[in-house]
Asks: 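Below you'll find the structure I mean.
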Amino acid sequence: MYVPMTHFGRYLVCQVIGMPIPDVSVQSLIQDLNGDVEIVEFYTFRYNFGDLNWIMPGTIFAVKEPRLQYQINDKTVSMRIDSPSDVIFVDCTDFEFLNKIGAKQMFVPMSTDAEEWREMANDDFKKGNFKSALNFYNRGIRYSPDLPVLYLNKSLACLRIGAFYEAYKSAKFALEKNGDREKALFRMGQAVYGMNEWQKAADHFAEVLKEFPENFFALEKLKRANLRLSEQKDGTYDFKMMFLESKKKKAELDVSDYKGPIEIANIPGKGRGIIASEDISMGTLLVVSKAFASGYNQDFPGNLISINLIRKDSGMAARMLQVTRAMLNLQNNPQKAQEVYNLYSGDDLNQNQEIPFGVIDAARIQQISAYNAFSSDNLSSDNKTELMNSGKVPNDNAHLFILPSYFNHSCLANAHRTFYGNIMVIHANMDIKKGDEICLAYISPMEDFSVRKKTLNKWGFTCLCKLCELDSKDKYCEKRNKMVKEFGEYVRNNFPTTFSPSAILSLKNIITEGEKVLKEVRKSYDDRKEFRTKLIDVLILLSHQYFTLDSPKGIEYGEEVLTLMDNSLNCAKSIPQAYVNLAACYHANEKIEKVKEMIEKAFKASFCTDLDHFKMIFPETATFLL
Ligand SMILES: C[S@@+](CC[C@H](N)C(=O)[O-])C[C@H]1O[C@@H](n2cnc3c(N)ncnc32)[C@H](O)[C@@H]1O
């Protein structure tokens, strides 16, 4: 249900009177100006679970158009707040504002010495409490509005929390008030860098260097801004560095966005989509995009009751946190809102409804996330289930990207995405004609037709690609899928973990079983020559068994897999990985020429910039290439 967000200008002013109780939401007791007490629940805008300072007893806030609602299982009434723009926190020392909202009785007299507040703020800043430092700098500014150092410090605190527009404004103000020019110009540069305005950032850092040539940091930042500029202009990236960076936990990389020869266009029956703005050859870099907001389920505290939910769906916590992060990002940088609100949010919402500046429409952001968020996690659903069955919660993540969100789906996609932490990189995986639509696969074409159909239903459409058309008419489809799935399970349960005579027997049994399945699957495809995805699955499983037994059939089946993954299926399974696997088989058989051939093909299909980059991604090839 979408509740239209209408604000008629009414507020409820209240004060926290109880200790906060953290859960998925944060609950507390509040008292309004009439002395009435209610429960308040803050949802969805809590990213840092350890921090409850913002809701401690004594905190004063005004709630826009408050709503009271019954809790699910009892008759308790509570006030639920979902959007950060629905609350305005009020400083208890701000008499003027409290008086204006009729709450002067909540005023707490304290020092009016700006310098004292600056020191308090600096202490908090040093401890990493940037939000609290910011509040204290603002207090200082209230008492000494002309002191440039307060604006400079405020700018730095804003940079730390990612509020780049406010950081810029404060630093500029400090400059106008004859504050420290070096610091002000430098911080202005940092702020525009945070807004991804590389040219402006380079100009600011160059200005710092012109006036203060000794400033080493400005030189470093200028180099970085220039790198971002060339990435943005030519699509030249240091993918090796990005790969190494991406190996860090919750990696968030510093690179520019890039848009290749593509444009957004209306696609009949699909809303907007991406088309080629010129003829594109296979391997062309189409997009590099940094996530607008990312969520990681590792950030979800394990002691919350919802951990049970996370165990069922590891992506859910990540998606919740991604929504939260998107809202925080918008709160800090409301200037970015339009590009987020422009994203598809389902047909139920009035997408043209204007959202006033600074308003964060929590329901809309949630919907946008539901239709557009990606996970860069490479675990297959089978692997995830396996992990969860063994009592572990897989690390999961969810990212919201802007430009990649305009790609529609096709199971037979002509573009392929890879992730470097929070960066998505999209390449053309075949030649594409000018004007043709470019699609990504939201779900792998190797998944069963019924799974693809059900998953895509959540996005509200039916895929009309050739593979779906063939699968929907194929009378053997379900039976074949079931057979291959059962064989996959059989292999997982019987594949020997140690090498012994009984292991050889197990492998032989798997092969006997597999050959039967292979025969059946081949037969079921007698009338269908294209997109025989399940044949690929069985051949991969079998080739692995044969290879373990040193049988030449491992190579034979591996080669067949590659011929079956014709042009349109080359994003289905990792083609370079398939070539690398085959190279390993040839290597074991000392067929060096074949090893070279396979590695060359793997390299070409990998979109890597050079061989070193390739070896980073496929380290096993380093030994073959000696
Ligand atoms: C991530 S958005 C893609 C961009 C979207 N078409 C837009 O106008 O902004 C996902 C939505 O696009 C539409 N879509 C994507 N692929 C489609 C397809 N193959 N056929 C029909 N609609 C599709 C669905 O409405 C889906 O929920």
Side-chain angles (χ1 to χ4, degrees), residues 2 257 259-260 262-277 286-287 289-295 315 318-319 322-323 326 336-353 355 361 363-376 397-417 419 422 424-426 429-430 432 435-447 449-472 531 568-569 571-572:
Y2 177 68
D257 281 9
K259 179 170 168 277
I262 59 168
E263 60 195 54
I264 298 173
N266 287 324
I267 312 287
K270 300 183 188 172
R272 299 156 303 178
I274 298 283
I275 59 164
S277 55
L286 302 178
V287 173
S289 178
K290 189 193 284 193
F292 175 77
S294 305
R319 284 193 297 278
Q322 176 266 301
V323 167
K336 291 267 171 206
Q338 207 45 54
E339 60 181 24
V340 176
Y341 289 138
N342 280 347
L343 299 180
Y344 182 70
S345 51
D347 291 335
D348 311 343
L349 294 192
N350 178 1
Q351 304 205 32
N352 298 323
Q353 183 191 358
I355 299 176
D361 186 337
R364 177 97 165 241
I365 304 280
Q366 252 159 357
Q367 288 281 89
I368 286 172
S369 174
Y371 283 101
N372 298 285
F374 289 87
S375 171
S376 65
N397 57 44
H399 304 280
L400 181 67
F401 296 91
I402 305 294
L403 186 55
S405 291
Y406 287 93
F407 282 83
N408 288 317
H409 162 88
S410 172
C411 301
L412 303 172
N414 47 5
H416 179 72
R417 60 175 179 268
F419 290 94
N422 62 332
M424 191 194 289
V425 177
I426 304 178
N429 64 11
M430 58 182 81
I432 303 169
D436 279 359
E437 190 184 8
I438 310 181
C439 290
L440 289 170
Y442 294 1
I443 177 167
S444 166
M446 300 304 287
E447 293 280 3
F449 175 55
S450 58
V451 175
R452 297 203 310 274
K453 205 170 156 191
K454 200 167 146 208
T455 309
L456 295 174
N457 242 332
K458 289 189 213 150
W459 270 282
F461 70 92
T462 305
C463 180
L464 301 177
C465 76
K466 185 84 181 141
L467 173 64
C468 286
E469 190 195 323
L470 285 174
D471 276 352
S472 69
F531 310 125
S568 298
L569 272 181
C571 69

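Note: hydrogens, waters and symmetry copies are ignored here, and every other heavy atom, side chains too, is used. Worth saying up front: this structure is predicted, and the values here are computed from it rather than measured. Read the numbers this way: they start at 1 and go in the same order the structure lists the ligands and their atoms.
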Asks: Looking at Ile368 and Tyr341, what are the two nearest heavy atoms and their distance?
Replies: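 Looking at all heavy atoms of both residues, the shortest contact is CD1-CA, 3.9 Å.
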Asks: When you look for protein heavy atoms under 4.0 Å from ligand 1, which residues do they belong to?
Replies: Gly269, Lys270, Gly271, Arg272, Tyr344, Tyr371, Asn372, Ser405, Tyr406, Phe407, Asn408, His409, Tyr442, Trp459, Phe461
Asks: I'd like a table of donor-acceptor pairs (distance under 3.5 Å, sequence neighbours excluded) in which one partner is a side-chain atom from residues 451-459, with atom names and distances.
Replies:
residue	atom	partner	partner atom	Å
Arg452	NH1	Pro445	O	3.4
Arg452	NH1	Glu447	O	3.0
Arg452	NH1	Asp471	OD2	3.3
Arg452	NH2	Asp471	OD2	3.0
Thr455	OG1	Val451	O	2.6
Trp459	NE1	Tyr371	O	2.9

Asks: Pick one: which of Ile438, Asn342, Asn372 meets side chain to side chain contact (heavy atoms under 4.5 Å, CB included) with Tyr406?
Replies: Asn342
Asks: Name all residues meeting the side-chain contact (heavy atoms from CB on, under 4.5 Å) criterion together with Asn422; count only those two or more places apart in sequence or in a different chain, and write none if there are none.
Replies: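 For Asn422 the side-chain contact (heavy atoms from CB on, under 4.5 Å) partners, ignoring immediate neighbours, are Glu252, Leu253, Lys290, Ala291, Ser294, Tyr296, His399.
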Asks: Output all residues satisfying side-chain contact (heavy atoms from CB on, under 4.5 Å) with Ala398, sequence neighbours left out; order by chain, then residue number.
Replies: Ala318, Arg319, Gln322
Asks: Just by distance, do the side chain of Ser472 and the backbone of Cys468 share a donor-acceptor pair under 3.5 Å?
Replies: yes
